[in-house]
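What follows is a single structure, written as structure tokens, with notes after it.
Within every chain, numbering begins at 1; the chains are lettered A, B, ... in the order of the sequence lines, protein sequences first and strands thereafter.
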Amino acid sequence: MAENLFEEDKVSVSERLAAEALIVDVDGFEGPLDLLLTLSRTQKVDLRRVSVLQLARQYLAFVEKAKALRLELAADYLVMAAWLAFLKSRLLLPPDPTEEGPSGEELAAHLAFQLERLQAMRDAAARLMARDQLGRDFFARGQSEMVTRVRKVTYSATLLDLMQGYARIRTRDDFRPFVMDRESVFTMEQALDRMRGLIGYAGDWTEISTYLPEGWDNDPVRRRSATAATFAASLELVKEGHLEMRQSEMFAPIQLRKRD
Amino acid sequence: MSELYEEKEESLFEAPPMGEQERMVEAILFATTEPITVRELEARLPHGCDPAEALVHLRKRYEGRGVTVTRVGDAWAIRTASDLGFLMQKETVETRKLSRAAIETLAIIAYHQPVTRAEIEEIRGVSVSRGTVDQLLELEWVRFGRRKMTPGRPVTFVVTQDFLDHFGLESARDLPGLKELRAAGLLENRPPPGGDVPRDEDEDESADGQSELFED
Amino acid sequence: MSELYEEKEESLFEAPPMGEQERMVEAILFATTEPITVRELEARLPHGCDPAEALVHLRKRYEGRGVTVTRVGDAWAIRTASDLGFLMQKETVETRKLSRAAIETLAIIAYHQPVTRAEIEEIRGVSVSRGTVDQLLELEWVRFGRRKMTPGRPVTFVVTQDFLDHFGLESARDLPGLKELRAAGLLENRPPPGGDVPRDEDEDESADGQSELFED
């Protein structure tokens, strides 16, 4: 893997063209591993000698390009991109002896193994389907012989029948009318009542979490319900002109203040 | 084979040697669902073949064998030698699909064994008819297990080795659970309400029950 | 024929001479479309017969003929010679086209068996859709195997006798290229480095499977 460290980012014109052709066909891939396998073919080497660093670059370039073209990429493509970016940095930086976990080379070797194994299974599948097949290349007896002297009835059932029968019984009782479990639900009406009584004291910016009713913050189910109701009630009060609301950035605390 | 027929080769021209023709007729007779006439054979064989002669050779080859090349009207077929008809009894068997009640009962026994009749009825939600259990016993797919140590000491039912053989299972413990059935697409996709189907206890129970039977 | 086997007759006592046994096995194999196990043959033949030996003779007799005696797992069947497929357009059955995902999944099950759903997904890099396994189960080319002794005891998939029959394989060991794949380590279930997933037991298990079948 060491030789990769000195590799320049030399993506040839033909490779770039190939990568663009790939993007148009993004729906044709069965996930990131499939795409990586296709990309690795542009290196025209034995899969065991594939340069994972180069592959990571190609993949990241692909994802960038797809983003620029505003193509929808499924989440797992982005997860793979993040992982490859991490892998790329590991491969490029000298190993940090204090760092825990597998080295970049180990990770790269595993990825190469996965690609080789997937390719091997595809080849195996192709060879399997190329075999002579029953009913196409060779044939079973056309007529089973019927001798009518002895008649006996047997009963047949397949494993599928059996399993489906069982599933049928066991799922029959799953259906009951939908009933809300009221005990752990804090309604918006309750929250509104509570907030109306409290906002008189909220002259300064105060976090919304402090408005949660007591006794609702231990059980996660109850906390979720109370948070949602309090938030909805706050919005309602903002709409009515009684409250102001702010949040500095995503996931930052939400703050409330009485409107003068 | 072909050296037997060499003297004919000049007239056959492109046709395969007679040994090959015999093989071809043999394969066709074997695979067709209906007896086949010489004319039909001629139409299916490569150009220039002589199925009538191939049939003469083939017929001779099967003389005294377990099956014979037999004339049926003006057509030909491979048939069991008449003295071996007694071996064919199994071929005359009529197969019928097991009834839904029987399949469900069988499934419950397989998944919950050892299980009493009352337990089967509780799971199915209807009473189990005598005929259903008798049928399964007769098929030798279930048998009586040991009695339960509960009041009345009811008999239990368990599945048999025949059952495992018939359904291609190595043991009843390998039967897939509901989650696995769903994952394999064998269950209509209905969302289990309230998260999970309460199957865990069952699973433990049946694992217990079955391990008793199969561990030893 | 029977004079060939006369020297055995004193030990066989009531059993028919081997030539007769061979005829009987021939008749039974010809009569059915499904492969028949040696055990089934034994059950159907008169007491004291040795179907395994009769099969050896019968197989030799049909070498190079239009139909051949074929081994399918632990069962036997008569099938037409595959070089004569071109004569059989009439018998050809159109099989449903399998998707690429289904074909790959089938190959993975065949080469890695017994294999869990998670392992299939790991190899393919995508989740296995319900329809895929469903389709393979319905074709009866795969079935549920033994559960893995790993946490969660997941069910496994293995290929069936129908699969072997369809692809003309004597056993799963005869899968094309199996030895080479195994030698190259490509049938191993190698956990990712760093071991996010506790897979060690899996490893042991899978070593028991397809890869270990060939240790001898």
Side-chain angles (χ1 to χ4, degrees), chain A residues 28-37 47-48 74 76 80 83 100-147 158-160 162-164, chain C residues 27 29-34 67-68 70 77-85 88 91-95 98 100-101 103-108 110-112 122-127 137-138 140 143-144 162 165-169 175-178 181 184-188 190-195:
Chain A
F29 293 105
E30 273 200 278
L33 205 57
D34 187 22
L35 171 58
L36 277 167
L37 190 55
L47 271 176
R48 266 162 292 181
D76 46 346
M80 179 61 92
W83 186 81
E100 295 264 310
S103 71
E105 261 112 74
E106 283 169 330
L107 293 171
H110 187 70
L111 179 61
F113 167 73
Q114 283 180 295
L115 291 174
E116 198 193 344
R117 184 174 59 180
L118 179 60
Q119 185 58 53
M121 280 300 111
R122 294 213 165 139
D123 296 343
R127 259 182 296 177
L128 188 64
M129 298 315 280
R131 286 184 70 83
D132 289 336
Q133 293 182 35
L134 180 66
R136 192 187 77 182
D137 306 295
F138 62 96
F139 296 84
R141 183 79 161 119
Q143 38 180 177
S144 321
E145 297 203 29
M146 297 300 247
V147 182
T158 67
L159 186 58
L160 273 191
L162 190 75
M163 294 185 302
Q164 281 167 337
Chain C
L29 288 190
F30 258 94
T32 48
T33 58
E34 296 296 309
V67 297
T68 56
T70 317
I78 294 183
R79 299 286 179 247
T80 63
S82 51
D83 65 316
L84 299 179
M88 307 288 171
E91 275 68 42
T92 306
V93 278
E94 264 314 307
T95 40
L98 284 179
R100 182 175 127 176
I103 291 171
E104 272 180 36
T105 303
L106 178 65
I108 291 169
Y111 282 81
H112 289 260
E122 153 90 15
I123 293 169
R124 294 199 65 230
V126 282
S127 59
L137 284 166
E138 230 164 78
E140 298 192 41
R143 63 175 177 85
F144 291 102
D162 277 10
D165 194 12
H166 185 90
F167 291 99
L169 292 162
L175 284 164
L178 187 67
L181 287 173
L186 292 170
L187 300 184
E188 285 164 31
R190 229 179 265 175

task = Would you mind telling me which of Ala130(A), Ala124(A), Ala126(A) has the largest number of heavy-atom pairs within less than 4.5 Å of chain C?
result = Ala124(A)
request  = Would you mind telling me which of Met80(A), Arg122(A), Glu116(A), Arg136(A) has the largest number of heavy-atom pairs within less than 4.5 Å of chain C?
outcome  = Arg122(A)
Non-hydrogen atoms of chain C under 4.5 Å away: do they reach the side chain of [X], the backbone, both or neither?
{"X": "Asp34(A)", "result": "side chain"}
{"X": "Leu33(A)", "result": "side chain"}
{"X": "Arg117(A)", "result": "both"}

Beyond-backbone contact of [X] with [Y], side-chain heavy atoms, under 4.5 angstrom:
{"X": "Leu181(C)", "Y": "Met121(A)", "result": "yes"}
{"X": "Leu186(C)", "Y": "Gln119(A)", "result": "no"}
{"X": "Gln114(A)", "Y": "Glu122(C)", "result": "yes"}

Taking [X] for its side chain and [Y] for its backbone only, find out whether a donor-acceptor pair lies under 3.5 Å.
{"X": "Arg141(A)", "Y": "Ala31(C)", "value": "no"}
{"X": "Arg190(C)", "Y": "His110(A)", "value": "no"}
{"X": "Thr33(C)", "Y": "Ala140(A)", "value": "no"}

inquiry  = Among Met88(C), Glu34(C), Arg143(C), which residue has the highest count of heavy-atom pairs closer than 4.5 Å to chain A?
reply    = Met88(C)
query = Got a second to check how far Leu169(C)'s CG is from Arg131(A)'s CZ, nearest 0.5 Å?
reply = 4.0 Å
Closest heavy-atom pair and its distance - [X], [Y]:
{"X": "Glu104(C)", "Y": "Ala125(A)", "answer": "CA-CB, 4.3 Å"}
{"X": "Phe138(A)", "Y": "Phe167(C)", "answer": "CZ-C, 4.5 Å"}
{"X": "Gly177(C)", "Y": "Arg127(A)", "answer": "CA-NH1, 3.4 Å"}

key: Region of Arg100(C) that comes under 4.5 Å of a non-hydrogen atom in chain A   = side chain
query = Can Asp132(A) and Arg79(C) be counted as an ion pair, charged N to O under 4.0 angstrom?
reply = no
